[in-house]
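See below for the structure under consideration.
So that the names make sense, note that chain A is the first sequence line, chain B the second, and so on, each numbered from 1.
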There are 2 protein chains.
Amino acid sequence: MKLTREADYAVRVVVELASRPPAAIVPSRAIAEQQQIPGAFLAKVVCGLARAGLIRTLRGSGGGLQLARPAAETTLRQVVEAIEGPIRLNRCLREPGACPLQSRCQVHGVWRRVQELLLRELDAVTMAELARTPGEPRDPRTAGASAGAPAGS
Amino acid sequence: MKLTREADYAVRVVVELASRPPAAIVPSRAIAEQQQIPGAFLAKVVCGLARAGLIRTLRGSGGGLQLARPAAETTLRQVVEAIEGPIRLNRCLREPGACPLQSRCQVHGVWRRVQELLLRELDAVTMAELARTPGEPRDPRTAGASAGAPAGS
DNA sequence: TCATAATAGGACTAAAAGGATCCTATTACT
DNA sequence: AGTAATAGGATCCTTTTAGTCCTATTATGA
Ligand code: FES
Ligand code: FES
(Lines give C-alpha, C1' and ligand atoms only; values in the text may rest on other atoms or scores of the structure.)
(Ligands and ions follow the chains in the order given, each with its own letter.)
Protein backbone atom coordinates (compact mmCIF):
# COMPACT_ATOMS: atom_id res chain seq x y z
CA MET A 1 0.00 0.00 0.00
CA LYS A 2 2.90 2.33 -0.52
CA LEU A 3 4.82 3.83 -3.37
CA THR A 4 8.05 2.05 -4.30
CA ARG A 5 11.24 3.98 -3.89
CA GLU A 6 11.94 3.75 -7.59
CA ALA A 7 8.65 5.42 -8.48
CA ASP A 8 9.30 8.13 -5.93
CA TYR A 9 12.65 8.83 -7.54
CA ALA A 10 11.09 8.80 -10.99
CA VAL A 11 8.67 11.52 -10.05
CA ARG A 12 11.49 13.64 -8.72
CA VAL A 13 13.46 13.22 -11.93
CA VAL A 14 10.60 14.36 -14.12
CA VAL A 15 9.79 17.26 -11.82
CA GLU A 16 13.41 18.34 -11.89
CA LEU A 17 13.41 18.27 -15.68
CA ALA A 18 10.11 20.11 -15.82
CA SER A 19 11.41 22.89 -13.64
CA ARG A 20 14.15 23.74 -16.11
CA PRO A 21 13.79 25.52 -19.45
CA PRO A 22 11.79 23.45 -21.96
CA ALA A 23 13.80 20.86 -23.90
CA ALA A 24 16.80 21.42 -21.66
CA ILE A 25 19.34 18.61 -21.66
CA VAL A 26 20.40 17.76 -18.14
CA PRO A 27 23.04 15.16 -17.26
CA SER A 28 21.75 12.60 -14.83
CA ARG A 29 24.52 13.34 -12.40
CA ALA A 30 23.19 16.85 -11.93
CA ILE A 31 19.74 15.47 -11.20
CA ALA A 32 21.14 12.94 -8.76
CA GLU A 33 22.79 15.68 -6.75
CA GLN A 34 19.88 18.07 -6.91
CA GLN A 35 17.30 15.49 -5.83
CA GLN A 36 19.47 13.40 -3.51
CA ILE A 37 19.13 10.20 -5.52
CA PRO A 38 21.86 7.53 -5.34
CA GLY A 39 23.70 8.14 -8.57
CA ALA A 40 24.10 4.52 -9.55
CA PHE A 41 20.46 3.72 -8.86
CA LEU A 42 19.29 6.65 -10.91
CA ALA A 43 20.35 4.88 -14.10
CA LYS A 44 17.72 2.24 -13.53
CA VAL A 45 15.02 4.81 -12.95
CA VAL A 46 16.00 6.71 -16.05
CA CYS A 47 15.90 3.52 -18.08
CA GLY A 48 12.32 2.89 -17.06
CA LEU A 49 11.24 6.42 -17.83
CA ALA A 50 12.87 6.33 -21.23
CA ARG A 51 11.34 2.99 -22.12
CA ALA A 52 7.92 4.38 -21.25
CA GLY A 53 8.55 7.28 -23.59
CA LEU A 54 8.30 9.96 -20.93
CA ILE A 55 11.83 11.24 -21.34
CA ARG A 56 14.43 11.16 -24.07
CA THR A 57 18.03 10.23 -23.40
CA LEU A 58 21.11 11.42 -25.25
CA ARG A 59 24.24 9.36 -24.89
CA GLY A 60 27.80 10.37 -25.09
CA SER A 61 29.64 13.46 -24.08
CA GLY A 62 27.33 16.43 -23.71
CA GLY A 63 24.36 14.10 -23.41
CA GLY A 64 21.76 13.86 -20.71
CA LEU A 65 18.03 13.67 -20.14
CA GLN A 66 15.27 15.62 -21.79
CA LEU A 67 11.51 15.69 -21.48
CA ALA A 68 9.90 13.92 -24.40
CA ARG A 69 6.76 16.03 -24.14
CA PRO A 70 5.79 19.37 -22.64
CA ALA A 71 5.53 19.09 -18.88
CA ALA A 72 1.87 20.02 -18.95
CA GLU A 73 1.07 16.88 -20.93
CA THR A 74 2.56 14.43 -18.46
CA THR A 75 0.54 13.47 -15.41
CA LEU A 76 1.66 12.11 -12.09
CA ARG A 77 -0.17 8.90 -12.80
CA GLN A 78 1.74 8.36 -16.03
CA VAL A 79 5.06 8.66 -14.25
CA VAL A 80 4.12 6.27 -11.47
CA GLU A 81 2.65 3.71 -13.85
CA ALA A 82 5.68 3.93 -16.09
CA ILE A 83 7.70 2.45 -13.25
CA GLU A 84 5.29 0.32 -11.28
CA GLY A 85 2.94 -0.77 -14.02
CA PRO A 86 -0.80 -0.23 -13.89
CA ILE A 87 -2.03 0.80 -10.46
CA ARG A 88 -4.33 -1.84 -9.08
CA LEU A 89 -5.10 -1.80 -5.38
CA ASN A 90 -5.95 -5.48 -5.22
CA ARG A 91 -4.97 -8.52 -7.20
CA CYS A 92 -8.51 -9.23 -8.35
CA LEU A 93 -8.62 -5.78 -9.94
CA ARG A 94 -5.56 -6.67 -12.00
CA GLU A 95 -6.58 -10.08 -13.21
CA PRO A 96 -10.33 -10.58 -13.42
CA GLY A 97 -11.12 -14.15 -12.50
CA ALA A 98 -8.16 -14.52 -10.20
CA CYS A 99 -10.54 -14.61 -7.28
CA PRO A 100 -13.25 -17.24 -7.63
CA LEU A 101 -15.38 -15.41 -5.08
CA GLN A 102 -15.51 -12.20 -7.05
CA SER A 103 -19.20 -12.48 -7.86
CA ARG A 104 -20.21 -12.61 -4.22
CA CYS A 105 -17.35 -10.59 -2.77
CA GLN A 106 -18.74 -7.62 -0.91
CA VAL A 107 -15.48 -5.72 -0.69
CA HIS A 108 -14.73 -5.73 -4.37
CA GLY A 109 -16.89 -2.74 -5.13
CA VAL A 110 -15.21 -0.70 -2.44
CA TRP A 111 -11.71 -1.34 -3.73
CA ARG A 112 -12.76 -0.51 -7.23
CA ARG A 113 -14.30 2.76 -6.18
CA VAL A 114 -11.31 3.78 -4.10
CA GLN A 115 -8.92 2.89 -6.88
CA GLU A 116 -10.93 4.93 -9.34
CA LEU A 117 -10.75 7.86 -6.96
CA LEU A 118 -7.00 7.49 -6.58
CA LEU A 119 -6.39 7.31 -10.30
CA ARG A 120 -8.56 10.33 -10.95
CA GLU A 121 -6.55 12.27 -8.43
CA LEU A 122 -3.19 11.29 -9.89
CA ASP A 123 -4.43 12.05 -13.37
CA ALA A 124 -5.34 15.56 -12.34
CA VAL A 125 -1.80 16.53 -11.41
CA THR A 126 0.54 17.50 -14.21
CA MET A 127 4.30 17.86 -14.07
CA ALA A 128 4.00 21.49 -15.03
CA GLU A 129 2.04 22.18 -11.87
CA LEU A 130 4.58 20.37 -9.75
CA ALA A 131 7.45 22.23 -11.32
CA ARG A 132 6.29 25.50 -9.82
CA THR A 133 8.12 25.46 -6.54
CA PRO A 134 5.83 26.61 -3.75
CA GLY A 135 8.35 27.66 -1.12
CA GLU A 136 11.63 27.87 -2.93
CA PRO A 137 11.70 30.11 -5.99
CA ARG A 138 13.54 28.16 -8.63
CA ASP A 139 12.51 30.49 -11.39
CA PRO A 140 11.59 34.01 -10.27
CA ARG A 141 9.38 34.70 -13.27
CA THR A 142 6.84 32.06 -12.39
CA ALA A 143 6.75 33.01 -8.72
CA GLY A 144 3.41 34.78 -8.97
CA ALA A 145 1.75 32.15 -11.11
CA SER A 146 1.21 29.48 -8.47
CA ALA A 147 -2.17 29.46 -6.79
CA GLY A 148 -2.82 28.43 -3.21
CA ALA A 149 0.32 26.84 -1.86
CA PRO A 150 -0.37 23.73 0.26
CA ALA A 151 1.24 23.92 3.65
CA GLY A 152 4.31 21.79 4.20
CA SER A 153 4.28 18.94 6.68
CA MET B 1 0.85 0.62 -4.31
CA LYS B 2 -1.24 -2.45 -3.72
CA LEU B 3 -2.82 -4.26 -0.85
CA THR B 4 -0.85 -7.20 0.55
CA ARG B 5 -2.41 -10.58 0.24
CA GLU B 6 -2.52 -10.96 3.99
CA ALA B 7 -4.57 -7.80 4.40
CA ASP B 8 -6.93 -8.93 1.68
CA TYR B 9 -7.50 -12.18 3.53
CA ALA B 10 -7.96 -10.34 6.80
CA VAL B 11 -10.77 -8.29 5.38
CA ARG B 12 -12.49 -11.39 4.13
CA VAL B 13 -12.21 -13.03 7.52
CA VAL B 14 -13.83 -10.13 9.33
CA VAL B 15 -16.53 -9.80 6.70
CA GLU B 16 -17.28 -13.47 7.00
CA LEU B 17 -17.61 -13.16 10.76
CA ALA B 18 -19.73 -10.06 10.43
CA SER B 19 -22.17 -11.79 8.13
CA ARG B 20 -23.01 -14.37 10.77
CA PRO B 21 -25.09 -13.93 13.90
CA PRO B 22 -23.47 -11.56 16.39
CA ALA B 23 -20.94 -13.16 18.71
CA ALA B 24 -21.01 -16.37 16.70
CA ILE B 25 -17.98 -18.61 17.18
CA VAL B 26 -16.68 -19.85 13.86
CA PRO B 27 -13.77 -22.28 13.46
CA SER B 28 -11.11 -20.93 11.15
CA ARG B 29 -11.38 -23.97 8.94
CA ALA B 30 -14.93 -23.03 8.02
CA ILE B 31 -13.79 -19.54 7.13
CA ALA B 32 -10.92 -20.88 5.09
CA GLU B 33 -13.25 -22.94 2.96
CA GLN B 34 -15.92 -20.29 2.65
CA GLN B 35 -13.50 -17.56 1.61
CA GLN B 36 -11.00 -19.69 -0.31
CA ILE B 37 -8.05 -18.87 1.95
CA PRO B 38 -5.12 -21.32 2.27
CA GLY B 39 -5.87 -22.93 5.60
CA ALA B 40 -2.31 -22.85 6.89
CA PHE B 41 -1.83 -19.22 5.98
CA LEU B 42 -5.05 -18.20 7.64
CA ALA B 43 -3.49 -18.84 11.05
CA LYS B 44 -1.07 -15.99 10.52
CA VAL B 45 -3.83 -13.64 9.44
CA VAL B 46 -5.93 -14.56 12.45
CA CYS B 47 -2.99 -13.98 14.73
CA GLY B 48 -2.59 -10.44 13.45
CA LEU B 49 -6.26 -9.66 13.79
CA ALA B 50 -6.37 -11.02 17.33
CA ARG B 51 -3.28 -9.09 18.37
CA ALA B 52 -4.88 -5.91 17.07
CA GLY B 53 -7.94 -6.63 19.18
CA LEU B 54 -10.35 -6.86 16.27
CA ILE B 55 -11.35 -10.45 16.89
CA ARG B 56 -11.29 -12.79 19.85
CA THR B 57 -9.98 -16.33 19.59
CA LEU B 58 -11.06 -19.36 21.57
CA ARG B 59 -8.71 -22.27 21.66
CA GLY B 60 -9.41 -25.92 22.05
CA SER B 61 -12.18 -28.11 20.82
CA GLY B 62 -15.30 -26.15 20.00
CA GLY B 63 -13.25 -22.99 19.76
CA GLY B 64 -12.95 -20.60 16.88
CA LEU B 65 -13.06 -16.93 16.01
CA GLN B 66 -15.41 -14.27 17.22
CA LEU B 67 -15.80 -10.57 16.57
CA ALA B 68 -14.48 -8.55 19.49
CA ARG B 69 -16.82 -5.68 18.73
CA PRO B 70 -20.07 -5.13 16.86
CA ALA B 71 -19.44 -5.17 13.14
CA ALA B 72 -20.71 -1.62 12.79
CA GLU B 73 -17.87 -0.35 14.95
CA THR B 74 -15.05 -1.79 12.87
CA THR B 75 -13.98 0.05 9.75
CA LEU B 76 -12.20 -1.21 6.68
CA ARG B 77 -9.24 0.98 7.51
CA GLN B 78 -8.86 -0.58 10.95
CA VAL B 79 -8.70 -4.05 9.48
CA VAL B 80 -6.14 -3.12 6.86
CA GLU B 81 -3.96 -1.22 9.29
CA ALA B 82 -4.13 -4.06 11.80
CA ILE B 83 -2.20 -6.15 9.31
CA GLU B 84 -0.11 -3.71 7.30
CA GLY B 85 0.49 -1.06 9.92
CA PRO B 86 -0.33 2.59 9.35
CA ILE B 87 -1.13 3.40 5.75
CA ARG B 88 1.44 5.81 4.39
CA LEU B 89 1.70 6.26 0.64
CA ASN B 90 5.30 7.44 0.72
CA ARG B 91 8.20 6.93 3.05
CA CYS B 92 8.48 10.60 3.91
CA LEU B 93 4.89 10.52 5.16
CA ARG B 94 5.81 7.77 7.58
CA GLU B 95 9.01 9.20 8.99
CA PRO B 96 9.16 12.98 8.87
CA GLY B 97 12.70 14.03 8.19
CA ALA B 98 13.55 10.92 6.23
CA CYS B 99 13.74 13.02 3.09
CA PRO B 100 16.12 15.97 3.37
CA LEU B 101 14.35 17.65 0.48
CA GLN B 102 10.99 17.68 2.14
CA SER B 103 10.86 21.43 2.61
CA ARG B 104 11.25 22.11 -1.08
CA CYS B 105 9.61 18.95 -2.39
CA GLN B 106 6.74 19.87 -4.66
CA VAL B 107 5.14 16.45 -4.70
CA HIS B 108 4.83 16.05 -0.97
CA GLY B 109 1.61 17.98 -0.70
CA VAL B 110 0.00 15.87 -3.40
CA TRP B 111 0.81 12.60 -1.70
CA ARG B 112 -0.44 13.84 1.58
CA ARG B 113 -3.71 14.98 0.09
CA VAL B 114 -4.27 11.72 -1.76
CA GLN B 115 -3.45 9.69 1.32
CA GLU B 116 -5.88 11.70 3.37
CA LEU B 117 -8.54 11.03 0.77
CA LEU B 118 -7.82 7.33 0.79
CA LEU B 119 -7.96 7.08 4.57
CA ARG B 120 -11.20 8.98 4.74
CA GLU B 121 -12.71 6.60 2.23
CA LEU B 122 -11.59 3.49 4.10
CA ASP B 123 -12.81 4.94 7.38
CA ALA B 124 -16.26 5.41 5.94
CA VAL B 125 -16.82 1.72 5.28
CA THR B 126 -17.85 -0.46 8.20
CA MET B 127 -17.86 -4.22 8.36
CA ALA B 128 -21.59 -4.20 8.96
CA GLU B 129 -22.14 -2.58 5.58
CA LEU B 130 -19.93 -5.11 3.86
CA ALA B 131 -21.69 -8.00 5.55
CA ARG B 132 -24.96 -7.24 3.83
CA THR B 133 -24.67 -9.19 0.65
CA PRO B 134 -25.84 -6.93 -2.13
CA GLY B 135 -27.19 -9.28 -4.74
CA GLU B 136 -26.27 -12.78 -3.78
CA PRO B 137 -28.02 -14.49 -0.85
CA ARG B 138 -25.63 -16.25 1.48
CA ASP B 139 -25.99 -19.97 2.01
CA PRO B 140 -28.53 -20.40 4.84
CA ARG B 141 -27.00 -23.63 6.13
CA THR B 142 -23.73 -21.98 7.14
CA ALA B 143 -25.44 -19.09 8.85
CA GLY B 144 -25.42 -20.78 12.23
CA ALA B 145 -22.56 -21.40 14.63
CA SER B 146 -20.13 -24.30 14.41
CA ALA B 147 -22.53 -27.12 13.73
CA GLY B 148 -20.71 -29.60 11.56
CA ALA B 149 -18.38 -29.48 8.63
CA PRO B 150 -20.03 -27.31 5.99
CA ALA B 151 -20.63 -29.00 2.68
CA GLY B 152 -17.44 -28.91 0.67
CA SER B 153 -16.83 -26.85 -2.45
C1' DT C 1 41.37 10.14 -37.97
C1' DC C 2 42.09 8.14 -33.57
C1' DA C 3 42.33 8.41 -28.71
C1' DT C 4 39.91 9.97 -24.79
C1' DA C 5 36.52 11.42 -21.70
C1' DA C 6 31.80 11.71 -20.56
C1' DT C 7 27.37 9.64 -20.61
C1' DA C 8 23.38 6.38 -20.65
C1' DG C 9 22.04 1.26 -20.88
C1' DG C 10 21.56 -2.98 -19.18
C1' DA C 11 23.16 -7.06 -16.35
C1' DC C 12 24.08 -8.45 -11.88
C1' DT C 13 24.01 -8.96 -6.54
C1' DA C 14 22.43 -8.28 -1.80
C1' DA C 15 18.70 -7.26 1.29
C1' DA C 16 14.00 -7.06 2.66
C1' DA C 17 9.36 -8.22 2.52
C1' DG C 18 5.66 -11.39 1.31
C1' DG C 19 3.63 -15.88 1.22
C1' DA C 20 3.08 -20.22 2.91
C1' DT C 21 3.94 -24.36 5.94
C1' DC C 22 4.99 -27.02 9.98
C1' DC C 23 4.96 -28.06 14.63
C1' DT C 24 3.45 -27.07 19.51
C1' DA C 25 0.43 -25.48 23.24
C1' DT C 26 -4.30 -25.29 24.79
C1' DT C 27 -9.07 -26.65 25.45
C1' DA C 28 -13.25 -29.47 25.44
C1' DC C 29 -15.33 -33.76 25.17
C1' DT C 30 -15.54 -38.76 26.14
C1' DA D 1 -6.99 -39.44 32.01
C1' DG D 2 -7.02 -39.94 27.08
C1' DT D 3 -8.14 -38.11 22.69
C1' DA D 4 -9.58 -35.14 19.14
C1' DA D 5 -10.06 -30.48 17.63
C1' DT D 6 -8.42 -25.84 17.54
C1' DA D 7 -5.53 -21.54 17.66
C1' DG D 8 -0.56 -19.71 18.32
C1' DG D 9 3.85 -19.08 17.24
C1' DA D 10 8.27 -20.28 14.99
C1' DT D 11 10.23 -21.38 10.74
C1' DC D 12 11.28 -21.80 5.79
C1' DC D 13 10.99 -20.65 0.93
C1' DT D 14 9.82 -17.33 -2.80
C1' DT D 15 9.22 -12.85 -4.78
C1' DT D 16 10.04 -8.16 -4.88
C1' DT D 17 12.84 -4.23 -4.02
C1' DA D 18 17.04 -1.53 -3.54
C1' DG D 19 21.33 -0.88 -4.92
C1' DT D 20 26.00 -1.49 -7.47
C1' DC D 21 28.92 -2.67 -11.29
C1' DC D 22 30.37 -3.12 -15.78
C1' DT D 23 29.71 -2.32 -20.90
C1' DA D 24 28.17 0.08 -25.09
C1' DT D 25 27.68 4.60 -27.27
C1' DT D 26 28.66 9.33 -28.52
C1' DA D 27 30.89 13.81 -28.82
C1' DT D 28 35.17 16.19 -28.44
C1' DG D 29 39.84 17.41 -29.08
C1' DA D 30 44.74 16.25 -30.11
S1 FES E 1 -12.84 -10.36 -5.33
FE2 FES E 1 -12.04 -8.34 -5.53
S3 FES E 1 -11.92 -7.66 -3.47
FE4 FES E 1 -12.84 -9.64 -3.23
S1 FES F 1 9.55 14.72 0.52
FE2 FES F 1 7.58 13.73 0.66
S3 FES F 1 7.12 13.40 -1.47
FE4 FES F 1 9.01 14.48 -1.58
Side-chain angles (χ1 to χ4, degrees), chain A residues 1-10 12-13 17 24-33 35-68 80 83-85 88 90-91 94 98-99, chain B residues 1-10 12-13 17 24-33 35-68 80 83-85 88 90-91 94 98-99 145-150:
Chain A
M1 208 63 162
K2 76 185 208 319
L3 207 64
T4 66
R5 193 69 73 85
E6 191 176 354
D8 180 35
Y9 288 156
R12 290 200 219 166
V13 168
L17 284 174
I25 297 180
V26 186
S28 61
R29 175 166 306 177
I31 296 180
E33 290 182 6
Q35 294 285 343
Q36 299 283 333
I37 302 174
F41 189 41
L42 180 57
K44 194 175 169 186
V45 177
V46 165
C47 179
L49 286 174
R51 197 172 332 197
L54 291 178
I55 66 174
R56 194 172 298 127
T57 63
L58 292 91
R59 286 185 159 195
S61 178
L65 311 179
Q66 186 183 36
L67 282 184
V80 172
I83 300 297
E84 298 196 352
R88 298 295 144 82
N90 206 352
R91 185 151 302 194
R94 188 181 310 256
C99 178
Chain B
M1 208 65 160
K2 75 184 208 324
L3 205 66
T4 66
R5 191 71 72 85
E6 191 175 353
D8 181 34
Y9 289 156
R12 290 199 220 167
V13 168
L17 283 175
I25 297 179
V26 187
S28 61
R29 176 166 306 177
I31 297 180
E33 291 183 5
Q35 294 286 342
Q36 298 283 332
I37 303 173
F41 189 40
L42 180 57
K44 194 175 170 185
V45 177
V46 164
C47 180
L49 286 174
R51 197 169 333 194
L54 291 178
I55 65 174
R56 193 172 300 127
T57 64
L58 292 92
R59 286 186 160 194
S61 177
L65 311 179
Q66 185 183 37
L67 282 184
V80 172
I83 300 297
E84 298 195 351
R88 298 294 143 82
N90 206 351
R91 184 151 303 194
R94 187 181 309 256
C99 178
S146 60

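- Toward the 5′ end of DNA chain C lies the nearest nucleotide of A:S61, the other residue of the pair A:S61 and A:A43 mapping further downstream.
- Residue A:S28 places at least one side-chain N or O closer than 4.0 Å to OP1 or OP2 of C:dA8.
- Distances were taken from every side-chain heavy atom of B:T4 (C-beta onward) to each of C:dG19, D:dT20, D:dA18; the shortest belongs to C:dG19.
- Nearest nucleotide to the side chain of B:E6, out of C:dG19, D:dT20, C:dA8: C:dG19.
- Evaluation of atom-type donor-acceptor distances gives no pair under 3.5 Å for the side chain of A:K44 against the base of C:dG10.
- To the nearest angstrom, P of C:dT7 lies 16 Å from CD of A:Q66.
- When all heavy atoms of B:I83 and B:A7 are compared, the closest pair comes out as CG2-N, 3.9 Å.
- Rounded to an integer number of Å, the gap from B:I83 CD1 to C:dA17 C1' is 15 Å.
- Comparing A:L42 and B:G60, the nucleotide of DNA chain D nearest to each residue sits closer to the 5' end for B:G60.
- A:F41 places its CZ atom 6 Å from the P atom of D:dG19, with the value rounded to the nearest Å.
- Annotation: of the two residues near DNA chain C, B:G39 and A:L58, the 5′-most nearest-nucleotide partner is A:L58.
- Closest heavy-atom contact between A:I25 and A:G62: CG2-O, 4.1 Å.
- Atom CZ in A:R51 sits roughly 8 Å away from atom C1' in C:dG10 (whole-Å rounding).
- Side-chain contact between B:L65 and B:L17 is present, with at least one heavy-atom pair separated by less than 4.5 Å.
- In this structure, A:R5 atom CZ and C:dA15 atom P are separated by 16 Å, rounded to whole Å.
- Nearest heavy-atom pair across A:L3 and A:V80 is CD1-CG1, 4.0 Å.
- The side-chain heavy atoms of A:Q35 and A:Y9, taken from C-beta on, include no pair separated by under 4.5 Å.
- Between the CG atom of A:L65 and the P atom of C:dG9 there is a distance of 8 Å, given to the nearest Å.
- At a threshold of 4.5 Å between non-hydrogen side-chain atoms, the residues B:R88 and A:K2 do not count as touching.
- The two residues A:L42 and A:S28 come nearest to each other via the heavy atoms CD2-O, 3.2 Å.
- With rounding to whole Å, B:R59 atom CZ is found 21 Å from D:dT3 atom P.
- Of all nucleotides listed (C:dA25, D:dG19, C:dG9), C:dG9 comes nearest to the side chain of A:A50.
- Closest to the B:Y9 side chain, of the nucleotides C:dG10, C:dA20, D:dG8, is C:dA20.
- When all heavy atoms of A:R56 and A:A68 are compared, the pair lying nearest together is NH2-O, 3.5 Å.
- The separation between A:L3 atom CG and D:dT16 atom C1' is 15 Å, rounded to whole Å.
- Residue B:A40 places its side chain closer to C:dT21 than to any other of C:dA25, C:dG10, C:dT21.
- Note that the two end axes of the helix from C:dT1-D:dA30 to C:dT30-D:dA1 enclose an angle of 10°, each drawn from 5 base pairs, rounded to 10 degrees.
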